[in-house]
Amino acid sequence: MSGYTVQAMDPLRAILHLDMDAFYASVEQRDDPALRDRPVIVGGHPKRGVVLAASYQVRPSGVRSAMPMARALRLAPDAVVVPPRFSAYAEASEQVFAIFERYTPLVEPLSLDEAFLDVSQSLNLFGLPGAIAARIRAEVAEEVGLPCSAGIAAVKFVAKVASDLAKPNGQREVPARETRAFLCPLPIARLWGVGPKLEATLLALGLRTVGDVAAADPSLLAEQLGDTGRHLAALARGEDDRAVVPDRQAKSIGAEDTFAEDTESPDVLQRALHSHALRVARRLRRASLKARTVQLKVKLADFTLLTRQRTLEAPTDDGQRLYREAADLLAKLSLPRAVRLTGVSAQELVGTHSQLGLFVEKQARSDRLNAALDAIAERYGQGAVTPADVASLDADTEEDEVRRRAGAARYDVQRDR
């Protein structure tokens, strides 16, 4: 039974962590046959930008996400640099998550390209967890044309580690009884929350592997690291009782992206907010939720974080309304420097049927329109229809594609100088 037994009284959880492989780069390789099997970097300007994604063909050179582009191109001078297309990535993400939701309503998005799924209650319908993961990966490959890796375990932390180790385009299952044996030999950097500083502290204490942390004196860890020490010890033992929290149970639903290059362009910022708002609205409608409050998130080039929010007169799940509110909040900000990241989140969530009046109201025109748009998007993709008032901000036209290719060529010219 691969470590999972279905019992009436105390069933073990079956958690999947699904993660798209080099997501942005894989979308570019899928959409442009000339890029397939080539070393591809999705990123910004060669001298000022950062790597947003690196294909597996370029990773042996040492190129990784978040690396400065200048360093990446020194490591991989023959790589093809492609500017990002966030609307294409958002559309692919919507298709992928629609597949996830065929197997369980308990889908917790972590980003555009990864999620936790709790399939504990899906076993009678679809088989063992490993079989469910394999089916999902096969459907993503066939229908979306992208590779996906999976980790299967009884807890979220172990599922995440397992999917990391299964990359690229693989899956790894850790039966519950083998959790400690799986974790013990791994380096301490595999523990959630262990960055370079904390890793140095743990190494100074003589703790080099996850097993070392699991076996360490709890009082020593608590003395040296406080609550962090106790938390790390629990993870090292494979103890992680966090539930998979789908959108319908979340306190907020958000979307954000980091720009390839810091920007001051109002058009670029509005385009980003529009994309965020539409993604958030689709997730709200899928979860049968509406938002009372819209929050804008802006991270500046120096990593200063700014947030502004507004409470609406009536809850909404309409992307255009979310966009207009976020854009207005942005317009009222006096930005002292370029922007690194933007985000939009929906907060104070309520069910769409939780506040019915005495009389049944007619469905609002925007609700009918959104339902129609969702149906079209489900069948033909998110880019099939774009609202006219912001089409110029969000559409990937033929001219945009020409500019994108010209940009890639321009990067090659500048790099060769």
Under the salt bridge (Lys or Arg N to Asp or Glu O under 4.0 Å) definition, can you give me all pairs with a residue in residues 111-134, not counting sequence neighbours?
Glu114-Lys160
Could you give all pairs that pass the salt bridge (Lys or Arg N to Asp or Glu O under 4.0 Å) test and reach residues 213-228, with sequence neighbours left out?
Asp227-Arg230
Contacts of Arg242 meeting side chain to side chain donor-acceptor pair (under 3.5 Å) (sequence neighbours excluded), chain-then-number -> Asp240
With salt bridge (Lys or Arg N to Asp or Glu O under 4.0 Å) as the rule and sequence neighbours excluded, what pairs involving residues 250-259 come up?
Glu256-Lys297, Asp257-Arg279
Between Glu28 and Tyr89, is there a side-chain donor-acceptor contact under 3.5 Å, judged purely by atom types and distance?
yes
Please set out all donor-acceptor pairs under 3.5 angstrom arising from side-chain atoms of residues 184-200, sequence neighbours excluded.
none

Looking at Ala176, is its backbone amide N or carbonyl O close enough to the side chain of Thr179 to form a donor-acceptor pair, meaning the two atoms are under 3.5 Å apart?
yes
Just grab all the ring pair (Phe, Tyr, Trp, His ring centres under 6.0 Å) pairs involving residues 112-139, residues at least two apart or on different chains.
His17-Phe116, Tyr103-Phe126
Sequence neighbours excluded, every pair satisfying salt bridge (Lys or Arg N to Asp or Glu O under 4.0 Å) that has a member inside residues 128-141:
Arg102-Glu139
Exam field: side chain Ser61 to backbone Ala76, donor-acceptor pair closer than 3.5 Å
no
How long is the straight-line distance from CG of Asp21 back to OG of Ser149, given to the nearest 0.5 Å?
3.5 Å
Hey, could you give me each pair passing ring pair (Phe, Tyr, Trp, His ring centres under 6.0 Å) that has a residue in residues 207-257? Not counting sequence neighbours.
none
Using modelled atom types and a 3.5 Å cut-off, is there a donor and acceptor pairing between side-chain atoms of Arg36 and backbone atoms of Gln29?
yes
Could you check whether any side-chain heavy atom of Glu264 comes within less than 4.5 Å of a side-chain heavy atom of Val339, counting everything from C-beta outward?
no
Which donor-acceptor pairs under 3.5 Å do the side chains of residues 342-350 make with protein atoms, sequence neighbours left out?
residue : atom : partner : partner atom : Å
Thr342  : OG1  : His276  : NE2          : 2.8
Ser345  : OG   : Gln347  : NE2          : 3.2
Gln347  : NE2  : Gln295  : OE1          : 3.2
Glu348  : OE2  : Thr293  : OG1          : 2.5

Can Asp31 and Arg85 be counted as an ion pair, charged N to O under 4.0 angstrom?
yes
With Phe97 via ring pair (Phe, Tyr, Trp, His ring centres under 6.0 Å) - residues at least two apart
Phe100
Do any pairs count as a ring pair (Phe, Tyr, Trp, His ring centres under 6.0 Å) and have a residue in residues 243-271, sequence neighbours left out, and if so which ones?
none
Report the residues that fulfil side chain to side chain donor-acceptor pair (under 3.5 Å) with Ser26, sequence neighbours left out, ordered by chain and then residue number.
none
Output yes when Glu108 and Lys156 qualify as a salt bridge under the 4.0 Å nitrogen-oxygen rule, no when they do not.
yes
What distance do Leu341 atom CG and Leu305 atom CG have between them, rounded to the nearest 0.5 Å?
8.0 Å
Between Lys332 and Asp328, is there a salt bridge with N-O shorter than 4.0 Å?
yes
